Engineer: 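Shown below is the structure under consideration.
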Amino acid sequence: MHELSLSGAIVDTVERHADGRRVTVVNLRIGTLRQVVPDSLDFYFDFVSKDTVCEGARLEVEVVEAELRCQECGAERALASPPFTCRACGSSDVMVVAGNEFEVESIEIEEDACIART
Amino acid sequence: MHRTYVRVAEDVLDANTTIAHANRADFDRAGVAVVNLMSSPGAGKTTLLERTLRGFDAVRVGVLEGDIATTLDADRIALLDVPVTQINTDVKFGGECHLDANMVRSAIPAIPLDEIDLLLIENVGNLVCPAEFLVGEDHRVMVWSVTEGEDKPLKYPLMFRTCDLVLVNKIDLIPHLDVDLDRFHRHLDAVHPDVPRMLVSAKTGEGIDAWRDWLVHTSHREHQHPHEHAHA
């Protein structure tokens with residue numbers, strides 16, 4: 001039921017920015033360190049978005065690879081799997097600089113045809 | 001009809017984090033240190049609390065119990081004459097498998113904050129979701145028991161990375177198992193290098209004094225220096 005609650009949070013976030021307009025696409029950035037199953041997210045999003053401006057919207061997920069920065073030697077590296085240590089100097093004093101994202105980057109909305117402005 | 005792109009750039013869990021900060025502010029104002037205790041179901045959280053709190057008077061403790069259903073855990077803690085409040089996520093919150101900041105906020109009025117110095121929140125048994133949701137705690141402690149498999153840190157890195165302390169429980173069972181504790185420690189260090197850990201047995205009481213000392217130290221430190229740490 002984890003993706004259910006996350007989907008609800010996505011809808012809440014999007015509704016605030018959609019300002020009543022119909023949403024067609026929700027662009028998400030999800031880091032590889034987050035525990036999200038995209039298929040489950042799609043399923044639950046369809047469910048929770050009914051009767052909201054998000055109904056029928058498509059989720060597009062940009063996967064952000066995890067990256068560490070070593071606080072000792074400054075080296076940066078992509079993290080495919082544990083260990084969370086610096087490959088250059090072996091230090092465990094590392095900071096996760098990418099991979100924890102779970103954000104709505106942007107949305108696409110439908111607007112009525114523009115009234116020509118002069 | 002035409003399509004417009006709107007930049008949002010907002011963390012999906014922002015709303016929860018905002019409420020968590022509000023909870024933390026309320027707890028700080030009341031001078032209460034808060035520990036979020038997490039684990040898989042059956043790791044021994046409640047039994048550990050019973051063992052820890054029986055006759056423990058160095059610090060005034062309250063407990064907030066989180067379960068999907070039943071008040072079984074709160075009933076057990078109530079027998080120890082410790083103020084305890086139960087949240088059932090299936091009552092108002094759709095049966096969620098974890099506590100979130102909103103649920104904890106809804107329980108605050110029922111917690112006697114002026115009568116306690118330390119609040120222990122026993123989260124819903126689950127190695128996945130509770131790690132994602134801050135609830136207003138100062139510290140996160142997770143319990144791994146020796147029957148669960150040494151590979152769990154590798155399989156559930158977020159849970160093991162997000163905690164400040166790992167309690168290794170049920171060490172009394174080690175002679176009856178094929179568990180390799182060194183391998184567990186290596187796996188834990190791979191995902192959360194050098195995270196503090198304590199070996200305990202809720203059954204025999206081994207290691208409980210050190211855990212109690214940690215709780216006392218944590219409670220006193222929060223009162224002297226609130227807001228000193230943040231969660232990654």
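Because the structure is predicted, anything quoted here is derived from the model rather than measured. All values below were derived from every heavy atom in this structure, side-chain atoms included, with hydrogens, water molecules and symmetry-related copies excluded. So you know, we letter chains A, B, ... as the sequences are listed, proteins then strands, and number each from 1.
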Engineer: Just verifying a value: how many Å separate A/F102 CZ and B/L13 CG, rounded to the nearest 0.5 Å?
Structural biologist: 6.5 Å
Engineer: Heavy atoms, side chains only, cut-off 4.5 Å: are B/L158 and A/L33 in contact?
Structural biologist: no
Engineer: Counting heavy-atom pairs under 4.5 Å with chain B, which one of A/R34, A/R22, A/E101, A/M95 comes out on top?
Structural biologist: A/R34
Engineer: Decide yes or no on side chain to side chain contact (heavy atoms under 4.5 Å, CB included) for B/V8 and A/V14, but give the supporting numbers first.
Structural biologist: CA-CA 8 Å; B/V8 173; A/V14 170; over 6 Å; no
Engineer: Between B/R161 and A/V96, does the side chain to side chain contact (heavy atoms under 4.5 Å, CB included) criterion hold? Intermediate values first, please.
Structural biologist: CA-CA 11 Å; B/R161 280 187 62 73; A/V96 173; 3.4 Å; yes
Engineer: Identify which of B/E132, B/H187, B/H192, B/R7 forms the greatest number of heavy-atom pairs closer than 4.5 Å to chain A.
Structural biologist: B/E132
Engineer: Heavy-atom pairs under 4.5 Å with chain A - which of B/N16, B/V128, B/D11 has more of them than the others?
Structural biologist: B/V128
Engineer: Answer yes or no: does atom CD of A/E55 have more than 12 heavy-atom neighbours from other residues, nucleotides or ligands under 6.0 Å?
Structural biologist: yes
Engineer: Side chain to side chain contact (heavy atoms under 4.5 Å, CB included) for B/D14 and A/T13? Distances and angles first, verdict last.
Structural biologist: CA-CA 9 Å; B/D14 257 4; A/T13 304; over 6 Å; no
Engineer: Counting heavy-atom pairs closer than 4.5 Å to chain B, which one of A/E105, A/E110, A/R21, A/R16 comes out on top?
Structural biologist: A/E105
Engineer: Out of A/E103, A/H17, A/Q35, which one racks up the most heavy-atom pairs below 4.5 Å with chain B?
Structural biologist: A/Q35
Engineer: Once rounded to the nearest 0.5 Å, what's the spacing between atom CZ of B/F133 and atom CG of A/L6?
Structural biologist: 5.0 Å
Engineer: To the nearest 0.5 Å, what is the distance between CD on B/E10 and CG on A/D12?
Structural biologist: 10.5 Å
Engineer: In Å, rounded to the nearest 0.5 Å, how long is the span from OG of A/S5 to NE2 of B/H98?
Structural biologist: 4.0 Å
Engineer: To the nearest 0.5 Å, how far apart are CD1 in A/I109 and NE2 in B/H2?
Structural biologist: 8.0 Å
Engineer: To the nearest 0.5 angstrom, please state how far the SG atom of B/C97 sits from the CG atom of A/L4.
Structural biologist: 9.0 Å
